[in-house]
Colleague: 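Quick one: this structure, given as structure tokens, is what I'll be asking you about.
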Amino acid sequence: MAENSLGTDTPLPVSVPDKPALEGLEERLSAAWRTAGTYRFDPETTRDQVYSIDTPPPTASGSLHVGHMFSYTQTDVLARYQRMRGKNVFYPMGWDDNGLPTERRVQNFYGVRCDPKTPYDPDYAPPAQPAKNQRDWDVVSRRNFIELCEQLAVEDEKVFEHLFTTLGLSVDWDLTYRTIDDVSRAVSQRAFLTNLSAGDAYMAEAPTLWDVTFRTAVAQAELEDREMPGAYYRYPFTAADGTQIHIETTRPELLAACVALVAHPDDERYQPLFGQKVVSPVFGVEVEVRAHPLAKADKGSGIAMVCTFGDLTDVTWWRELDLPTRAIIGRDGRVTAETPEWITSEAGREAYAAIAGKTVFSAKEAVVELLREAGLLDGEPKKISHPVNFFEKGDKPLEIVTSRQWYIRNGGRDEDRRERLVGRGKEIEFHPGFMRSRYTNWVEGLNGDWLVSRQRFFGVPVPVWYPLDAAGDPDYEHPILPSEEQLPVDPAADAAPGYDEAQRDVPGGFTGDADVLDTWATSSLTPQIVGRWSRDEDFFAKVFPFDLRPQGHDIIRTWLFSTAVRGDALHGCAPWKHAAISGWILDPDRKKMSKSKGNVVVPTDVLNEFGADAVRYWAASAKLGADTAYEIAQMKIGRRLAIKILNASKFVLNLGATSSDVLDGAAEVVVNGLDRSLLARLSTVIDDASRALESYDYARALDLVESFFWSFTDDYVELVKDRAYGARGPEEQASVLATLATTLDAVLRLFAPFLPFATDEVWGWWREGSVHRAAWPTSAHLAAALEGADPGVLPTVGSALGGIRKAKSEAKVKQRTEVVAGTISAPAAQIEQLRAGLGDLLAAGNARDLTLIVADGELTVGGVELAPAEEPAPR
RNA sequence: GGUUCCUUAGCUCAGUUGGUUAGAGCGCUCGCUUCACACGCGAGAGGUCGCUGGUUCGAGUCCAGUAGGAACCACCA
């Protein structure tokens, strides 16, 4: 580690600019830090020296947002604090370029489409301009697509890196990764194969939530409810004796996919029907009436039409009542063209022809029309608004189709694992603590394992092949797996081990798994990727489990949980000790900021206008977990504070206060009671701020330091100016100068994590190296100066000065107007404190004399006689 | 329906194990170009801590209830 000690009082020439300013500091200092390697992680280290951070990788293909500055600053403050505490901080940066946003951006930017079946072209160059018509876009292999992605990512990442650098993030830029690069793909595949061999991953054919636009399966974590208009349609099924049983449904288009009617076992209206067959209208298909406790007697007509599959409840009934499968919705979201074999009647088959090949929407209209024509629609449809499941990135309701998919066990179907994962959540210290309940809530509400295969083209391929039998059908029971050394592999381009490429997709040969892994299946491995898991186990052991995972509360169910699942399966522990959950940025109207609302502020504009320290002040003023309004006013205050630090430092240093030996114990020079009082207060602030930061409450630490600093400049500095100029002799002057320098030194260190630019600028005026490599102050170093010090002297003298100022203010005279006489009455203890600072009080108040009177009650200043106003000098 | 958070000055928010007259900043009013800072300095006004009850010598703080706001999860016939 660099000069991480207090012995920094080298006799450098002090060089203070005439007009200190914030402008330009970001560029100059961040370049200097980069050159000096100020934030470099030292791999020669032991685990207990390290503080490791599992940085969230931003989507570099996305747009910059003030939210980025907000949450990343909060993490940076914690990182800087730990570094000053002497920790070897492992603070990497990643780029999440494995996912739909990047896929879309690469497609549109270059005008290409990915088809994994296309062979790799090592000499491929994208068109100079994307073709206007998407049909004319180049079709490229997955590997070419990934290469294009990496090319474009370089440009996108520069923009983010520039923002983060300007913001002053103390990231070690040598530690970067991309979620789509070779290393990440290899780690993702290795983890998947490890899960597979340990039984933590498996393949199954099952009903799956399906997005018809993207034509891919989606996981529970990617679901989103949207309130949609709909209608209840009421129509009858017919029992053998001719009784009509009315059902109500919002999805009449699935009538042909009906497999049963279900009512509650206690529902007396339907009890006689349980076990009997009824016939569906229009299609004339026989289905059984069944009982199940999930059916609600008070919903609709109390009896539900079960289709395969209308919603997740249907899946439950289908599974638990062992119902047949009669699917009619294809993966394209249309009704299958072929007439199903379970529709046997002539009329039924004719009716089916009316919906075959139609979209869900058109099929619904057609079925309703058929019902209406047959006079079976009971009354008009009742319009309602109801929640419908959507893929969070999709714009059509999800369907449920049966398909073969890969899953990773996450406790959704296994009580033991579920409890173990809840326990992992308890191993993690959440900040704020209540955020853990979101984790627990999610784990306990899971209704299935984690579906990780996606029928997309761009992403990390599922690293698996299948042998083909003599008929050319894949043997899914015996997948062919790659060796460790082969990773990463692309089964669509690379031949299976032991096979020749010529044997691809021919009987007796092999076929590659066509799917890619869910992006979270890779993102969930950020600790393993950046920590060099399986590549450098020695290194991995120095950073894992990580100390900190910072992230937003909106991705607890996805990123946080999935990382915990991987940590549990691969390492048998939680992946981090702490999780710092940041809030969202709301616009000033308290609505969530979003692009669609057009209320997004461009971060670079704000940085240019107020400076990085000002923006950081705003971010660091908000507690973890608290959604926070985007507030320019708060940035103005931060800017004011940063400027004040520059100016106050300039003043203090120009007074000649440059030796802070007191911090190293050379305290005997501090003889004045007011000085000792200030240092006693400083000592308390150091202790309190340190305690707050230890518990991840940086906002409180900032508040404490800031309050101290303002009382330092407004009260203490104002009081001691005269003495600092030497008006009361060399000993008194030495005392105040040592106190000023000591306080300035400590204050710069205390502010350094929050305002890295202004503090390091001042540090450079009189110190060697960077304040960001200096040690965090401790009160132990001040103890020697504080024997018997009374922290109450400063506030008491300060309020006496306030009383004098008030008298002048009320008289509407200049503050430097001379006080001819005045009395201060206060209890004896305060009079004692006033005596300790009387000299400074007289000087600061420009008072000839003040009479101190012991009296009960609070301190009051009275009988102030002011000197007559000076006549304006004759012109 | 379950879980969680929030409600304190006009605004944004502190208030750490319950303890003397509840704080800050912004905004507002008044004053001051005081030799670090006008991107400044000083002074001042402004709150029955959502509401109701309880515990306690003592409640903004703990408990119960209640109203309003927000988020997460579940429901989705």
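So that the names make sense, note that chain A is the first sequence line, chain B the second, and so on, each numbered from 1.
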Colleague: Between rG15(B) atom P and Leu704(A) atom CG, what is the distance in whole Å?
Modeller: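 Going from Leu704(A) (CG) to rG15(B) (P), I get 10 Å.
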
Colleague: With a 3.5 angstrom cut-off on both distances, give the Watson-Crick or G-U wobble partner of rA70(B), or none if there isn't one.
Modeller: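 With both distances under 3.5 Å, rA70(B) matches rU4(B).
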
Colleague: Both Asp715(A) and Met435(A) contact RNA chain B. Taking the nearest nucleotide for each, which residue is further toward the 5' end?
Modeller: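 Mapping each residue to its closest nucleotide by heavy atoms, the 5'-most match is Met435(A).
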
Colleague: Got a second to check how far Gln733(A)'s CD is from Arg723(A)'s CZ, nearest 0.5 Å?
Modeller: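 Between Gln733(A) CD and Arg723(A) CZ, I get 10.0 Å after rounding to 0.5 Å.
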
Colleague: Given that both distances must come in under 3.5 Å, which nucleotide forms a Watson-Crick or G-U wobble pair with rC75(B)?
Modeller: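 WC or wobble partner does not exist here.
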
Colleague: Work out how far the P atom of rA45(B) is from that of rC30(B), and round it to whole angstrom.
Modeller: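 Taking atom P in both rA45(B) and rC30(B), they lie 15 Å apart.
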
Colleague: Quick one: on RNA chain B, does Arg640(A) or Ala297(A) contact a more 5' nucleotide (nearest heavy atom)?
Modeller: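 Here Arg640(A) is the residue nearer the 5' end.
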
Colleague: Suppose you measure atom C1' in rC62(B) against the same atom in rG18(B); what distance do you get, rounded to whole Å?
Modeller: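 Pairwise C1' distance, rC62(B) against rG18(B), rounds to 7 Å.
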
Colleague: Round to the nearest Å and state the distance from Lys636(A) atom NZ to rU12(B) atom P.
Modeller: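 The distance from NZ of Lys636(A) to P of rU12(B) comes to 17 Å, rounded to the nearest Å.
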
Colleague: Heavy atoms under 4.0 Å is the rule here; annotate nucleotides 28-38 of chain B 5' to 3' with B where the base is hit, S where only the sugar-phosphate is, and - elsewhere.
Modeller: --SSSSB-BB-

Colleague: Is the backbone N or O of Phe757(A) less than 3.5 Å from a side-chain atom of Asp613(A), with the two atoms forming a donor-acceptor pair by type?
Modeller: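 Yes; judged by distance alone, with no hydrogens or angles, the pair exists.
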
Colleague: Can you tell me which residue pairs pass the side chain to side chain donor-acceptor pair (under 3.5 Å) test with a partner in residues 432-445 of chain A, sequence neighbours excluded?
Modeller: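 Qualifying pairs, neighbours excluded: Arg438(A)-His553(A).
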
Colleague: Across all strands, who's sitting opposite rG60(B) as a Watson-Crick or G-U wobble pair, both distances under 3.5 Å?
Modeller: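 Looking at the geometry, rG60(B) pairs with no nucleotide.
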
Colleague: Return the nucleotide paired to rA22(B): Watson-Crick means purine N1 to pyrimidine N3 with N6-O4 or O6-N4, wobble means G-U with N1-O2 and O6-N3, both under 3.5 Å.
Modeller: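 By the stated definition (distances under 3.5 Å), nothing pairs with rA22(B).
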
Colleague: Does the Arg639(A) side chain pair with the main chain of Phe610(A), one donor and one acceptor, at a distance under 3.5 Å?
Modeller: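 Flag set: sc Arg639(A) to bb Phe610(A) pair under 3.5 Å.
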
Colleague: Rounded to the Å, how far apart are Ile303(A) CD1 and rA77(B) C1'?
Modeller: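 My rounded result for the distance is 11 Å.
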
Colleague: Rounding to an integer number of angstrom, what distance separates rA14(B) and rG60(B) when you compare their C1' atoms?
Modeller: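 Nearest-Å result for rA14(B) against rG60(B) at atom C1': 12 Å.
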
Colleague: Mind checking if Trp618(A) touches a base, just sugar-phosphate, or nothing, with heavy atoms under 4.0 Å?
Modeller: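 Contact class for Trp618(A): none.
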
Colleague: Determine the contact category for Asn389(A): base if any of its heavy atoms lies under 4.0 Å from a base atom, sugar-phosphate if only primed atoms, P, OP1 or OP2 are that close, otherwise nothing.
Modeller: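 Since a base atom lies under 4.0 Å of Asn389(A), the category is base.
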
Colleague: Using the P atom on both, measure rU55(B) against rG15(B) and round to a whole Å.
Modeller: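 To the nearest whole Å, 29 Å.
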
Colleague: Please answer whether the main-chain N or O of His246(A) pairs with a side-chain N or O of Ser301(A) as donor and acceptor at a distance below 3.5 Å.
Modeller: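 Yes: the side chain of Ser301(A) pairs with the backbone of His246(A).
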
Colleague: Nearest whole Å is fine: how far is rC5(B) C1' from Arg436(A) CZ?
Modeller: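 Rounding to the nearest Å, CZ of Arg436(A) and C1' of rC5(B) are 16 Å apart.
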
Colleague: Are any non-hydrogen side-chain atoms of Ile329(A) and Leu254(A) less than 4.5 angstrom apart?
Modeller: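 Side-chain contact under 4.5 Å: yes.
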
Colleague: In whole Å, I'd like the distance from the CG atom of Leu586(A) to the P atom of rC5(B).
Modeller: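 In whole Å, rC5(B) P and Leu586(A) CG are 19 Å from each other.
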
Colleague: Evaluate the ring planes of Phe712(A) and Tyr716(A), with Trp represented by its six-membered ring, and classify them as parallel (under 30°), tilted (30 to 60°) or perpendicular (over 60°).
Modeller: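 Ring orientation of Phe712(A) relative to Tyr716(A): parallel.
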
Colleague: Could you write out each protein N or O paired with an N or O of nucleotides 68-75 of chain B at a distance under 3.5 Å?
Modeller:
residue: rA71(B); atom: O2'; partner: Arg438(A); partner atom: NH1; Å: 3.2
residue: rA71(B); atom: O2'; partner: Arg438(A); partner atom: NH2; Å: 2.8
residue: rC73(B); atom: OP1; partner: Arg557(A); partner atom: NE; Å: 3.1
residue: rC73(B); atom: OP1; partner: Arg557(A); partner atom: NH1; Å: 2.6
residue: rA74(B); atom: OP1; partner: Gln220(A); partner atom: NE2; Å: 3.0
residue: rC75(B); atom: N4; partner: Asp225(A); partner atom: OD2; Å: 2.4

Colleague: In whole Å, what separates the C1' atom of rA22(B) from that of rU4(B)?
Modeller: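 Between the two C1' atoms, the distance is 28 Å.
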
Colleague: Take the protein atom CD of Glu810(A) and the nucleotide atom P of rG44(B), then report the distance between them rounded to whole Å.
Modeller: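 Between P of rG44(B) and CD of Glu810(A): 8 Å.
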
Colleague: My understanding is that a pair needs two contacts under 3.5 Å, Watson-Crick or G-U wobble. By that rule, which nucleotide pairs with rU55(B)?
Modeller: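 When the pairing criteria are applied, nothing turns out to pair with rU55(B), so the answer is none.
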
Colleague: Would Arg557(A) count as a cation-pi partner of Trp520(A), with NZ or CZ less than 6.0 Å from the six-membered ring centre and within 45° of the ring normal?
Modeller: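 No.
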
Colleague: When we call it a touch if two heavy atoms are under 4.0 Å apart, what does Val388(A) touch: a base, just sugar-phosphate, or nothing?
Modeller: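 The answer is base, as Val388(A) lies within the cut-off (heavy atoms under 4.0 Å) of a base atom.
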
Colleague: Of all the nucleotides listed (rA14(B), rC5(B), rA77(B)), which has the minimum atom distance to the side chain of Thr250(A)?
Modeller: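 So the side chain of Thr250(A) is nearest to rA77(B).
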
Colleague: Out of Asn389(A), Leu398(A), Thr208(A), which residue meets the side chain to side chain contact (heavy atoms under 4.5 Å, CB included) rule with Val218(A)?
Modeller: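 The residue from Asn389(A), Leu398(A), Thr208(A) that satisfies side chain to side chain contact (heavy atoms under 4.5 Å, CB included) with Val218(A) turns out to be Leu398(A).
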
Colleague: Calculate the interatomic distance between Lys806(A) atom NZ and rA45(B) atom C1'; express it in whole Å.
Modeller: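 Value for this atom pair: 11 Å.
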
Colleague: Measure OH/Tyr617(A) against C1'/rC26(B) and give the value in whole Å, please.
Modeller: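 Those two atoms, OH and C1', are 10 Å apart.
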
Colleague: With a 3.5 Å distance limit and no angle check, can you tell me whether Lys650(A) reaches the backbone of Pro20(A) through a side-chain donor-acceptor pair?
Modeller: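 Checked: no pair found.
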
Colleague: Considering only atom C1', compute the distance from rG50(B) to rU8(B) and round it to an integer number of Å.
Modeller: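 Straight-line distance between the two C1' atoms is 10 Å.
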
Colleague: Going through the checks in order, is the ring pair (Phe, Tyr, Trp, His ring centres under 6.0 Å) test met by Trp618(A) and Phe70(A)?
Modeller: CA-CA 8 Å; Trp618(A) 160 70; Phe70(A) 182 71; 5.3 Å; yes

Colleague: Please determine, for rC32(B), whether a Watson-Crick or G-U wobble partner exists with both distances under 3.5 Å, and give it or none.
Modeller: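 Because both required distances fall under 3.5 Å, rC32(B) counts as paired with rG40(B).
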
Colleague: Ignoring backbone atoms, establish whether Arg700(A) has a side-chain N or O less than 4.0 Å from OP1 or OP2 of rA24(B).
Modeller: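 No, Arg700(A) has no side-chain N/O under 4.0 Å of OP1/OP2 on rA24(B).
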
Colleague: Contact class for Ala692(A) (heavy atom, under 4.0 Å): base, sugar-phosphate, or nothing?
Modeller: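 Contact class for Ala692(A): none.
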
Colleague: Taking C-beta and beyond as the side chain, do Leu560(A) and Met435(A) meet within less than 4.5 Å on heavy atoms?
Modeller: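 Of all side-chain heavy-atom pairs linking Met435(A) with Leu560(A), none is under 4.5 Å.
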
Colleague: Determine the interatomic distance between C1' on rA9(B) and the same-named atom on rU56(B); round to the nearest Å.
Modeller: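 29 Å, rounded to whole Å.
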
Colleague: Quantified in whole Å, what is the P atom distance between nucleotide rC51(B) and nucleotide rG44(B)?
Modeller: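 About 29 Å, rounded to a whole number of Å.
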
Colleague: Quick one: does Arg639(A) reach the base of rC39(B) with a side-chain donor-acceptor pair under 3.5 Å?
Modeller: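 Per atom types, the contact qualifies.
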
Colleague: Once you apply the 3.5 Å cut-off to both distances, tell me the Watson-Crick or G-U wobble partner of rU16(B), or none.
Modeller: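 In the structure as shown, rU16(B) has no Watson-Crick or wobble partner.
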
